[in-house]
Amino acid sequence: MSNDRCPVFWPRAIIHVDMNAFFASIEQRDFPQLRGRPIAVTNGHRGSCIITSSYEARAFGIKTGMRLPEAKKLCPDIIQRPARPEIYAAVSTRIMLSLQDISPDIEVFSVDEAFLDVTHCQRLHGTPVRMANMLKKKIFAVSGIHSSAGVAGDKTTAKFAAKLQKPNGLTVIPPWEARQRLANEPVTALCGIADGIGNFLAQYDAYRCGDVGQLPIGILARRFGNLGRRIWLMCQGEDPDNVHTDVPPPKSMGHGKVVPPNTRNNEVLLTYFRHMSEKLASRLRRHKMQAQHFYIGLKIQDGWLSMKLNLAHPDNDASAIFKLCRYLMSNRWQHQGVFQIQVTALDPQPSDQQLELFTPQREEQQLRNAIMDDINQRFGELTLAPARLLNKSDMPNVIAPAWKPNGHRQTISLTQEKETLKKPR
Amino acid sequence: MNFKIQREALLKPLQTICGVVERRQTLPILSHVLLVSDGEQLNLTATDLEVEIIASTKTESATAGEITVPARKFLDICRTLPDDCHIDFKIDGERAILKAGKSRFTLSTLPAADFPNIDVAEEGKSFKITQNALKSLVDHTQFAMAQQDVRYYLNGLMLELADKKLRSVATDGHRLAMCEMTAEVDSIDAKQIILPRKGISELARLLDDENNDVEIEIGNNHIRLKFDSLIFTSKLIDGKFPDYQRVLPQNSDKNLVLNREIFRQALTRASILSNEKYRGIRLLMDSNTMRIVANNPEQEEAEEQIEIEYAYDALEIGFNVTYLLDALNAITTENINIALSDSNSSCLITAVGEMAADCRYVVMPMRL
């Protein structure tokens with residue numbers, strides 16, 4: 001704890017916190033019989049893909065993304081738990097809100113991760129290390145979940161540090177040690193550097209972060225532009241990226257779903273498309289947005305069969321979007337077996353900003369949608385929906401890793417929250 | 001076929017027609033120009049199957065014949081040859097040979113018989129208007145045409161002939177520009193035609209501020225204009241233009257007169273801090289002042305103040321600043337008039353003075 005007493009003010013102090021096995025930990029918290037047992041969280045009882053697993057399961061070599069039958073070979077006693085996305089969203093929101101008590105400069109990086117810029121809180125709260133301990137205690141107090149924290153002078157090093165000790169760890173890499181600590185680490189150990197960039201760097205014999213610093217920055221800048229310059233700095237523990245406190249406006253917004261393998265029934269596929277159109281339209285409306293250009297896609301054996309289609313005017317009405325899906329079905333699909341569908345708005349924009357000269361303002365339709373949204377807000381998603389959806393798939397919603405408590409990433413609505421959280425101990 | 005010609009006599013008509021040639025196309029011959037000589041006059045033709053331009057020029061000596069050569073390369077060669085040189089063009093088998101001074105070029109050719117004509121179903125009826133009047137109709141309205149809108153009839157300029165007037169109207173559904181000129185159009189029944197965007201942008205390039213007549217022939221599916229030594233033909237968009245009369249504001253109860261240049265400069269400055277994508281600005285009018293306010297997502301703000309004569313209820317209204325600036329740039333008078341009613345209704349911008357009735361600009365507001 002020598003760092004704790006270090007009287008030096010850090011010129012920049014970033015903390016990355018990462019909830020340990022988040023979904024699995026919540027299951028173990030709420031169901032004591034699961035504690036200390038290997039569990040795997042899947043999408044409903046029927047989902048076979050493991051979304052996350054407990055540390056006890058990970059000890060058997062079970063990984064996120066593994067199929068359940070494969071996991072059972074490694075660990076026959078594994079316990080399957082259906083995901084409860086609404087609960088996870090509620091716990092995440094509660095945690096993220098509570099972290100703001102320590103620093104308002106917070107970037108919610110995903111459902112179970114956040115960056116905090118605590119540079120300006122050092123006089124108030126003490127050293128960055130002390131604040132990291134405060135954050136971990138806070139998270140445990142409001143949620144009963146353990147977390148790992150990384151403390152450093154930049155985001156990339158902080159995220160790297162948080163990974164080093166799990167679960168319930170705390171790793172400090174002061175800014176003046178960052179370059180040296182990263183020097184011998186493989187470049188792909190840093191967040192944001194995957195095989196593509198890694199292979200490019202390997203052409204120049206740069207495998208470790210220290211090697212990248214030896215390259216002229218221009219090599220990376222020519223190939224990757226500003227991202228390249230950032231990577232060069234990241235590898236030296238000087239990631240310049242700020243903690244982004246606001247959610248940037250969406251570049252696209254979409255919903256997709258896996259359908260029963262090799263589906264060839266037109267009506268079944270249309271029902272899935274209607275379902276995704278309803279979800280997308282109501283999400284656009286929830287965020288007061290609309291779109292004019294859409295990507296509609298079907299995944300078949302050989303890849304995606306898709307079209308980019310335009311509406312006459314930007315819209316957020318499900319029927320208008322569904323018409324585009326019908327168009328794809330009747331013009332591109334030739335009864336191939338389908339595995340997955342996707343409906344994405346490509347140019348989400350604030351709705352009804354620019355008034356139209358000729359369009360009859362679609363007041364009746366907007367009123368109908370508003371009433372439907374009110375009802376569904378109160379009684380749950382798709383309580384009121386087109387009759388076709390009586391036959392929709394009963395597969396539950398999936399929480400996206402990019403889920404955030406604010407802004408358009410809030411794909412799981414918080415209105416149905418029935419959190420069973422116990423009083424913080 | 002062969003001909004001798006002075007460089008400038010060839011270069012100018014070539015530059016005039018080559019704008020029509022698309023840089024990429026599926027039919028190789030569309031990248032060519034058609035050269036037709038009657039022994040004296042040389043006609044050059046370029047087309048994209050929607051718009052066709054024929055320019056004619058005088059040769060120094062020639063034998064009759066016809067051929068096509070690659071447009072871009074032919075133009076680039078003529079352009080880069082020295083001033084006032086003489087060009088000697090002749091056909092040798094399937095090649096065309098071009099000589100000038102110590103330069104020599106061999107170009108590929110395609111048969112003239114394969115060069116597509118715009119099919120004009122029938123002769124139309126014609127009337128005349130001065131070139132500068134037609135230029136004014138195009139220049140005052142073309143900026144408001146839609147681009148690649150699914151409402152294909154908006155991707156062009158509507159010309160309307162009625163009541164001894166020729167009127168041009170363009171709209172993208174958010175704003176509308178119209179301009180009218182008196183013309184002897186009695187020989188033709190009242191009608192509306194829509195010229196495609198590409199035709200209009202080419203035509204705008206060709207028209208000069210001259211006082212000579214343009215002969216306009218209108219058929220069921222084409223328009224043909226003859227002026228200077230050019231014949232311009234364009235197909236028409238087959239569609240019904242929306243009822244523009246209905247969207248001209250009738251009941252505006254607030255009128256204000258502004259100095260065009262002062263207003264334009266204030267808007268230009270404020271627009272720097274408007275949202276780069278949506279370009280919204282707010283106009284706030286109250287007892288003899290107008291404030292122009294712009295914000296962007298970075299929370300930066302611009303505010304401009306202009307003194308105006310305004311004796312109505314306070315009004316706050318948002319607009320896409322680009323639409324306002326487009327209209328102000330098209331008007332040339334010192335002052336402009338803006339007619340408004342409320343923050344959800346369109347505004348009408350007109351010139352103050354002689355031109356007042358000629359051009360009208362309607363802009364729908366934004367909700368900000």
Side-chain angles (χ1 to χ4, degrees), chain A residues 104-105 107 242-253 284-285 287-296 307-317 320-321 323-324 326-328 331 345-363 366 370 406-408, chain B residues 144 146-155 169-178 240-249 274-282 295-299 317-324 341-348 360-368:
Chain A
D105 298 332
E107 173 179 348
N242 286 325
V243 167
H244 301 286
T245 49
D246 49 349
V247 181
K251 294 193 178 87
S252 72
M253 204 187 262
L284 283 167
R285 293 196 296 270
H287 301 294
K288 296 195 169 49
M289 304 197 99
Q290 56 185 10
Q292 185 167 18
H293 306 297
F294 291 84
Y295 167 95
I296 317 284
M307 290 176 93
K308 283 182 183 166
L309 296 167
N310 302 342
L311 294 173
H313 314 281
D315 207 339
N316 52 24
D317 182 61
I321 301 171
K323 261 187 202 145
L324 303 180
R326 273 189 185 280
Y327 183 86
L328 174 87
N331 288 281
L346 298 172
D347 60 339
Q349 51 192 278
S351 58
D352 293 315
Q353 270 205 337
Q354 174 65 57
L355 303 179
E356 298 278 337
L357 273 170
F358 302 107
T359 334
Q361 301 289 337
R362 296 150 294 187
E363 274 156 17
Q366 284 172 352
N406 309 306
H408 62 278
Chain B
Q147 290 189 51
Q148 297 184 324
D149 200 295
V150 273
R151 296 163 291 181
Y152 58 94
Y153 46 83
L154 296 185
N155 302 325
V169 185
T171 176
D172 60 7
H174 296 154
R175 39 78 182 267
L176 178 144
M178 65 175 279
K240 184 159 169 23
F241 202 76
D243 181 4
Y244 68 90
Q245 295 282 2
R246 197 172 55 81
V247 301
L248 297 175
S274 71
N275 184 313
E276 284 172 33
K277 206 160 156 199
Y278 306 114
R279 305 280 287 160
I281 52 126
R282 282 175 295 145
N295 297 95
N296 62 15
E298 291 82 45
Q299 316 281 324
I317 187 167
F319 287 107
N320 180 326
V321 67
T322 312
Y323 297 161
L324 295 181
S341 49
D342 60 56
S343 55
N344 286 322
S345 307
S346 58
C347 83
L348 176 69
R360 276 177 273 184
Y361 301 98
V362 182
V363 182
M364 278 307 273
M366 281 175 98
R367 288 200 190 115
L368 293 173

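Quantities reported herein were computed from a predicted structural model and do not represent experimental measurements. Throughout, a chain's letter reflects where its sequence line sits, starting with A, and its residues are numbered from 1.
When the ring pair (Phe, Tyr, Trp, His ring centres under 6.0 Å) test is applied to B/F319, no partner is found at least two apart in sequence or on another chain. Not counting sequence neighbours, B/Q299 has no partner by the side-chain hydrogen bond (donor to acceptor under 3.5 Å, both in side chains) test.
Here the CG atom belonging to A/L357 is positioned 6.0 Å from the CG atom belonging to B/L176, to the nearest 0.5 angstrom. Summarising the geometry, atom CZ belonging to B/R151 is positioned 4.5 Å from atom NE2 belonging to A/H313; distances are rounded to the nearest 0.5 Å.
Closest approach of A/L311 to B/V150, counting heavy atoms only: O-CG2, 3.7 Å. Considering every non-hydrogen atom in both B/D243 and A/F358, the closest pair reads O-CE2, 4.2 Å.
The local environment of CD in B/E276 is sparse, with at most 12 non-hydrogen atoms from other residues, nucleotides or ligands closer than 6.0 Å. At most 12 heavy atoms of other shown residues, nucleotides or ligands fall within 6.0 angstrom of atom CD in B/Q148.
Within the 4.5 angstrom heavy-atom criterion, atoms from both the backbone and the side chain of B/N344 approach chain A. Only the backbone of B/R175 has a heavy atom closer than 4.5 Å to any heavy atom of chain A.
Side-chain contact between A/Q354 and B/M364 is present, with at least one heavy-atom pair separated by less than 4.5 Å.
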